[in-house]
Enquirer: 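Quick one: the structure is below, and I'll ask about it shortly.
Values below: every heavy atom of this structure, side chains too, minus hydrogens, waters and symmetry copies. Position 1 is the first residue of the sequence, and the numbers go up from there.
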Amino acid sequence: MKQPLGVILAGGQATRMGGGDKGLLALGGQTLLSRVMDRLEPQVAGMALNANGDAARFSGFDLPVLPDSISGFVGPLAGVLAGLDWAAEQGADAIVTAAADTPFFPCDLVPQLLLRGEGMTHPMVLAATPAAKRGQARHPTFGLWPVALRDDLRAALQGGLRKVVMWTDQHGGREALFPEEAAFFNVNTPEDLARAEEML
């Protein structure tokens with residue numbers, strides 16, 4: 001399989017942060033988005049950013065900005081679809097998504113997702129971590145997604161589907177298990193941002 005393209009998901013409304021773009025918040029002298037880009041870039045063949053609203057606010061990052069094609073803030077799957085449509089134009093087979101508010105995700109995210117997807121006709125793999133109560137916790141904004149299923153996803157979203165795992169389960173999606181829960185720590189609140197500073 002060819003190296004996938006990377007799509008950073010920043011299409012949410014950041015309500016717990018009081019609105020605005022979480023990716024533009026500063027962490028240790030860099031924006032969260034810059035940190036995510038630095039981590040993802042060596043693992044993928046090219047990158048884009050999924051975000052809604054005025055794309056000019058991201059002009060300093062030199063990334064294509066992909067708005068959701070399904071209106072109404074329907075969740076991360078709309079960002080996945082925008083990424084798959086962009087990847088299809090580039091002739092890519094797959095994308096890997098990462099969240100713009102999760103700066104410590106694994107540096108081997110993409111290789112591990114690809115490894116877990118081996119043997120699948122349309123590799124679809126979500127990152128997961130061990131969870132004390134539930135066996136394991138899936139991280140639906142971190143995944144490997146096949147371009148071949150983009151029209152299926154479009155139809156599912158237009159039909160009202162919103163939950164990532166409902167769609168991945170329909171297609172026999174797998175999980176790639178990462179040992180460190182803290183790797184997927186995401187910044188949702190001002191308190192989270194303070195904790196991320198400590199984690200640095």
Side-chain angles (χ1 to χ4, degrees), residues 1-12 36 39-50 66 68 70 74-88 90-186:
M1 185 178 181
K2 290 188 291 190
Q3 195 71 356
L5 293 170
V7 176
I8 298 169
L9 300 176
V36 170
R39 226 161 241 257
L40 189 59
E41 186 174 33
Q43 304 187 51
V44 293
M47 289 192 302
L49 177 68
N50 161 241
L66 318 171
D68 293 349
I70 306 279
V74 299
L77 281 175
V80 172
L81 177 60
L84 290 173
D85 285 342
W86 168 72
Q90 314 295 313
D93 298 328
I95 63 169
V96 166
T97 53
D101 62 0
T102 309
F104 309 118
F105 68 88
C107 293
D108 63 344
L109 174 75
V110 174
Q112 293 299 332
L113 293 174
L114 290 173
L115 195 65
R116 191 70 182 93
E118 282 184 357
M120 297 180 79
T121 307
H122 302 304
M124 185 187 291
V125 184
L126 293 181
T129 47
K133 291 179 182 165
R134 299 185 301 278
Q136 63 187 48
R138 290 184 277 196
H139 299 279
T141 51
F142 288 85
L144 171 68
W145 311 92
V147 169
L149 291 180
R150 68 193 176 105
D151 290 328
D152 181 286
L153 176 55
R154 196 183 329 277
L157 285 168
Q158 287 167 344
L161 183 98
R162 297 294 177 260
K163 289 191 81 68
V164 172
V165 294
M166 281 184 69
W167 190 63
T168 58
D169 286 351
Q170 284 173 18
H171 293 282
R174 296 177 182 173
E175 285 85 45
L177 197 60
F178 293 86
E180 283 293 321
E181 183 78 46
F184 294 96
F185 176 79
N186 65 316

Enquirer: Of the non-hydrogen atoms in A88 and V147, which two are nearest, and what is the gap between them?
Expert: CB-CG1, 3.8 Å

Enquirer: Out of curiosity, D152 CG to L84 CG, how far, rounded to the nearest 0.5 Å?
Expert: 11.0 Å

Enquirer: Using modelled atom types and a 3.5 Å cut-off, is there a donor and acceptor pairing between side-chain atoms of R39 and backbone atoms of F105?
Expert: yes

Enquirer: Do D68 and V74 make a side-chain contact, defined as non-hydrogen atoms from C-beta onward lying under 4.5 Å apart?
Expert: no

Enquirer: Looking only at heavy atoms, which two atoms of P111 and Q43 are closest? And how far apart?
Expert: CD-OE1, 3.5 Å

Enquirer: What heavy-atom pair brings G143 and L113 nearest, and what distance separates the two atoms?
Expert: C-CD1, 3.8 Å

Enquirer: Report yes if some heavy atom in the side chain of L49 is under 4.5 Å from a heavy atom in the side chain of I8; otherwise report no.
Expert: yes

Enquirer: Donor-acceptor check, side chain of R154 to backbone of L81, threshold 3.5 angstrom: yes or no?
Expert: no

Enquirer: Considering residues, nucleotides and ligands other than Q170, do more than 12 of their heavy atoms fall under 6.0 Å from its CD?
Expert: yes

Enquirer: I'd like to check L114 versus P123 (side-chain heavy atoms, cut-off strictly below 4.5 Å). Are they in contact?
Expert: no

Enquirer: Any side-chain heavy atom of W145 within less than 4.5 Å of one from L153?
Expert: no

Enquirer: Between T129 (side chain only) and E180 (backbone N and O only), is there a donor and an acceptor less than 3.5 Å apart?
Expert: no

Enquirer: Mind jotting down which residue pairs meet the side-chain hydrogen bond (donor to acceptor under 3.5 Å, both in side chains) criterion with at least one end in residues 109-119? Sequence neighbours excluded, please.
Expert: D108-Q112

Enquirer: With sequence neighbours left out, write down each residue that passes ring pair (Phe, Tyr, Trp, His ring centres under 6.0 Å) with F184, or none if nothing qualifies.
Expert: H139, F142, F178

Enquirer: Ring pair (Phe, Tyr, Trp, His ring centres under 6.0 Å) with W167: which residues, sequence neighbours excluded?
Expert: H171

Enquirer: Check whether any side-chain heavy atom of L144 lies under 4.5 Å from a side-chain heavy atom of V96, and answer yes or no.
Expert: yes

Enquirer: If I compare all heavy atoms of G173 with all of E175, which pair ends up nearest, and what's the gap?
Expert: O-OE2, 4.1 Å

Enquirer: Once rounded to the nearest 0.5 Å, what's the spacing between atom CG of D169 and atom NZ of K163?
Expert: 11.0 Å

Enquirer: Please check this pair: side chain of R162 against backbone of L157, looking for a donor-acceptor N/O pair closer than 3.5 Å.
Expert: yes

Enquirer: For the CG atom of D93 and the CG atom of L5, what is their distance to the nearest 0.5 Å?
Expert: 9.5 Å

Enquirer: Indicate the atoms forming the closest heavy-atom contact of G79 with N50, along with that distance.
Expert: CA-OD1, 3.2 Å

Enquirer: Quick check: closest heavy atoms across L40 and G6, and the distance to 0.1 Å?
Expert: CD2-CA, 4.0 Å

Enquirer: Using the rule given for side-chain contact (heavy atoms from CB on, under 4.5 Å), can you reason through V164 versus L77, listing the C-alpha separation, both sets of side-chain angles and the distance that settles it, and then say yes or no?
Expert: CA-CA 6 Å; V164 172; L77 281 175; 3.8 Å; yes

